[in-house]
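Everything on this sheet refers to the single structure shown next.
Computed from a predicted structure; not experimentally measured. Remember, it's 1-based here, ligands and their atoms both numbered in the order they're listed.
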Amino acid sequence: MTDTVLLTGFEPFDGETINPSWEAARLLDGQRIGGARVVARRLPCVFGASLTALNDQLRALRPRLVLCAGQAGGRAEIAVERVAINLDDARIPDNAGRQPLDQPIAADGPAAYFATVPVKAIVAALQDAGLPAVLSHSAGTFVCNHVFYGLLRALSDEPDARGGFIHLPCLPEQAAGRPSLPLERCVQALELAIAASLGQTQDSRAIGGSLY
Ligand code: PCA
């Protein structure tokens, strides 16, 4: 049976009309990368409902790899997220008007989970392709971190499936003075991240010659 890669992006939020993560993810729907089939799904930018939608897809597709993507407005680089923390603390309301403050995502869960994709290998693959990419140690405390934490919690029972999260800069048309990255570069980043995750089981120790 062909392996499935679940690739998610988010709906627009905070008054925007597009979200680079979904614009890029949807272009990869149905593509084959490294012998696996990519299924792209859009998640609501809503605490709780986003995770319900993700968990439904995990049950339906049983993917070998799950890569979630989100928008990080204001960031100039593609951020490969390493850590998801057990905290909802919303600076703005989500798309359902909810704004949880200082709340755990899972009352009985650990403080954090680490991505199970090879984060340094992904950063290196992106940088080798000339893309601006960094390793990030915080996905924030809004809906992206919420989904990332819920994903890694769900996959903690599935040793054969791996999960990761990538934050993308704005697209040029939404930038309004913020840094941006063209859509084709965002798509390329997701494609390379999937290929690196499928191709490498052990992470690299160093990026660009420097040890962390
Ligand atoms: N970015 C937000 C939520 C949805 C998205 O695309 C975040 O960084 O939490």
Side-chain angles (χ1 to χ4, degrees), residues 6-29 40-57 66-106 109 112-115 117 119 122 132-154 163-176 178-183 185-187 189-190 193:
L6 173 60
L7 175 64
T8 71
F10 279 100
E11 66 183 6
F13 67 106
D14 198 17
E16 310 238 23
T17 53
I18 51 170
N19 187 317
S21 63
W22 177 241
E23 296 307 311
R26 71 193 181 95
L27 292 175
L28 291 172
D29 187 41
R41 293 286 185 263
R42 193 173 89 147
L43 299 179
C45 186
V46 176
F47 288 99
S50 49
L51 266 184
T52 306
L54 178 71
N55 284 320
D56 286 349
Q57 294 302 322
V66 185
L67 192 64
C68 298
Q71 166 185 323
R75 261 177 151 159
E77 283 137 335
I78 299 157
V80 180
E81 301 294 350
R82 189 180 203 171
V83 190
I85 60 172
N86 190 4
L87 179 66
D88 287 338
D89 194 30
R91 180 181 54 83
I92 54 170
D94 69 13
N95 284 357
R98 291 195 205 115
Q99 192 170 5
L101 297 172
D102 307 326
Q103 281 172 29
I105 298 167
Y113 285 105
F114 291 114
V117 295
V119 287
I122 295 173
V134 291
L135 184 61
S136 164
H137 294 92
S138 172
T141 55
F142 193 49
V143 182
C144 286
N145 174 73
H146 180 83
V147 161
F148 189 24
Y149 185 91
L151 168 67
L152 295 175
R153 186 165 166 79
F165 197 101
I166 293 195
H167 263 122
L168 297 170
C170 290
L171 295 174
E173 58 265 47
Q174 32 164 199
R178 295 176 289 181
S180 67
L181 198 66
L183 180 59
R185 304 295 270 162
C186 294
V187 175
L190 297 181

Tell me yes or no: between the side chains of Glu81 and Ser136, is some donor less than 3.5 Å from an acceptor?
yes
Protein N/O near ligand 1 N/O, under 3.5 Å, which pairs?
unit_1, atom_1, unit_2, atom_2, d
ligand 1, 1 (N), Gln71, O, 2.9
ligand 1, 6 (O), Asn19, ND2, 2.9
ligand 1, 6 (O), Gln71, N, 2.8
ligand 1, 8 (O), Gln71, O, 3.4
ligand 1, 8 (O), His167, NE2, 2.9
ligand 1, 9 (O), Val143, N, 3.4
ligand 1, 9 (O), Cys144, N, 2.9

Identified side chain to side chain contact (heavy atoms under 4.5 Å, CB included) partner of Phe13 from the options Asp94, Val143, Asn19
Asn19
Polar side-chain atom of Asp88 near backbone of Ile105 as donor-acceptor pair, under 3.5 Å
no
Ignoring hydrogens, what is the shortest heavy-atom contact between Asn55 and Ala154? Give both atom names and the distance.
OD1-CB, 3.7 Å
Any donor-acceptor N/O pair, Arg153 side chain to Gly150 backbone, under 3.5 Å
no
Ala139 versus Phe148, closest heavy-atom pair with distance
CB-CD2, 4.2 Å
